[in-house]
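By convention in this document, chain letters (A, B, ...) are assigned in the order of the sequence lines, proteins followed by strands, and residues within each chain are numbered from 1.
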Number of protein chains: 2
Amino acid sequence: MGLTKTEHFTEKQNAIATMAKALGHPARIAILEYLLKVDTCICGDIVNELPLAQPTISQHLKELKSAGLIKGSVEGTSICYCIDEKGLEKLQSYFATISLKLNKKNNKCC
Amino acid sequence: MGLTKTEHFTEKQNAIATMAKALGHPARIAILEYLLKVDTCICGDIVNELPLAQPTISQHLKELKSAGLIKGSVEGTSICYCIDEKGLEKLQSYFATISLKLNKKNNKCC
DNA sequence: TTATTATATTGCAATATTACGATAAATAGA
DNA sequence: TCTATTTATCGTAATATTGCAATATAATAA
């Protein structure tokens, strides 16, 4: 099949899964970290930073963007990409909550 | 191609991506949340909880396990699955760090 | 041993992802 | 206008993922 049955899950579950999936590739983690590292918002020099061809990186950027993890705005000939705090904040708070719940129930199992 | 070039990225980037990928499916998020909800460690009644066939769920469990996010131990005829705190802790602290760095540099861009 | 129960594995079809060369589109400058 | 630069899209090949029916495996019970 290869077709995820999203309709069976809650909106929140799907939303978290979508963002997690977007970060489920080392290149996209690397892009995120690069965007975090550089002070100025970054354009196409991500291509010089990563060992992947330009179309591949463009694709990865698109996925990060559609997952709400980065933003891009036209800046002359080039495009300025940067982290979308809102998306990352959602992910971060989700995992923080999970962690909290885990600690609360000091799981004794397994 | 369809083949991720893991060798070009750092071990940590790959590790985070692997865990994120494992959570990149709503069924696996649902499994995580279910394991978190029930007090006792859970066995195969995840199958009753989710609208997916048993082999499908077994597969999802396997992926979560190999990503280090859950653990499973044999318990008679059934298997007791539970959350692997270590893995989740790693993810949580990663995103916490990212969030912290983001706040520090109050990104003004885009 | 033979059932029964619980879980895993196999095999397969449908679809998705990854990667890149070639090319298109958009903008700025001459 | 034409050209250069930057980024996106198209097309395609290789591989991965999702889902399930059928079957296998493992452990207990009778």
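B:R28 contributes no side-chain N or O that, together with a main-chain N or O of B:H60, makes up a donor-acceptor pair within less than 3.5 Å. The backbone N or O of B:T10 sits less than 3.5 Å from a side-chain atom of B:Q13, completing a donor-acceptor pair.
Nearest to the side chain of A:E63, among C:dT18, D:dA21, C:dA19, sits C:dT18.
Atom NZ in B:K62 sits about 17 Å away from atom P in D:dC20, given to the nearest Å. Distance, B:I57 CD1 to D:dA21 P: 12 Å, rounded to whole Å. Atom NZ in B:K5 sits about 15 Å away from atom C1' in C:dT17, given to the nearest Å. The distance between atom CG of A:L50 and atom C1' of C:dT18, rounded to the nearest whole Å, is 14 Å. Rounded to whole Å, atom C1' of C:dT18 lies 9 Å from atom CG of A:L52. Between B:K21 atom NZ and D:dT15 atom P there is a gap of 15 Å when expressed in whole angstrom units. Rounded to whole Å, the distance from NE2 on A:H25 to P on C:dA16 is 18 Å. The nearest whole Å value for the distance from the CD1 atom in B:I42 to the P atom in C:dA6 is 13 Å.
Along DNA chain D, the nucleotide closest to A:Q59 and the one closest to A:L3 are compared, and the more 5′ of them pairs with A:Q59. Along DNA chain C, the nucleotide nearest to A:P51 and the one nearest to A:M1 differ in position, and the one closer to the 5' end is contacted by A:M1.
Using a 4.0 Å cut-off, no side-chain N or O of A:T56 falls inside it from OP1 or OP2 of C:dT18. Put simply, B:H60 has no side-chain N or O that comes within less than 4.0 Å of OP1 or OP2 on D:dT17.
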Quick test: give all pairs of protein nitrogen or oxygen and nucleotides 3-8 of chain D nitrogen or oxygen below 3.5 Å, distance rounded to 0.1 Å.
from: D:dT7; atom 1: OP1; to: A:G44; atom 2: N; distance (Å): 2.9
from: D:dT7; atom 1: OP1; to: A:I79; atom 2: N; distance (Å): 3.2
from: D:dT7; atom 1: OP2; to: A:G44; atom 2: N; distance (Å): 3.4
from: D:dA8; atom 1: OP1; to: A:Y81; atom 2: OH; distance (Å): 2.6
from: D:dA8; atom 1: OP2; to: A:S58; atom 2: OG; distance (Å): 3.0
from: D:dA8; atom 1: N7; to: A:Q54; atom 2: NE2; distance (Å): 2.7
from: D:dA8; atom 1: N6; to: A:Q54; atom 2: OE1; distance (Å): 2.9

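Residue-level contact check: A:E75 touches neither bases nor backbone, having no heavy atom under 4.0 Å from any strand. Contacts of A:T4 with the nucleic acid, taken as non-hydrogen atoms under 4.0 Å apart, involve only primed sugar atoms and P, OP1 or OP2.
Here the side chains of B:N14 and A:I29 are not in contact, with every heavy-atom distance at 4.5 Å or above. Side-chain contact between B:K90 and B:M19 is present, with heavy atoms from C-beta onward closer than 4.5 Å. Within the 4.5 Å cutoff, no side-chain heavy atoms of B:I98 are placed close to those of A:L91. A 4.5 Å side-chain heavy-atom check between B:L32 and B:L88 finds at least one atom pair inside the cut-off.
For CD of B:E11, the number of neighbouring non-hydrogen atoms (other residues, nucleotides, ligands) closer than 6.0 Å is 12 at most.
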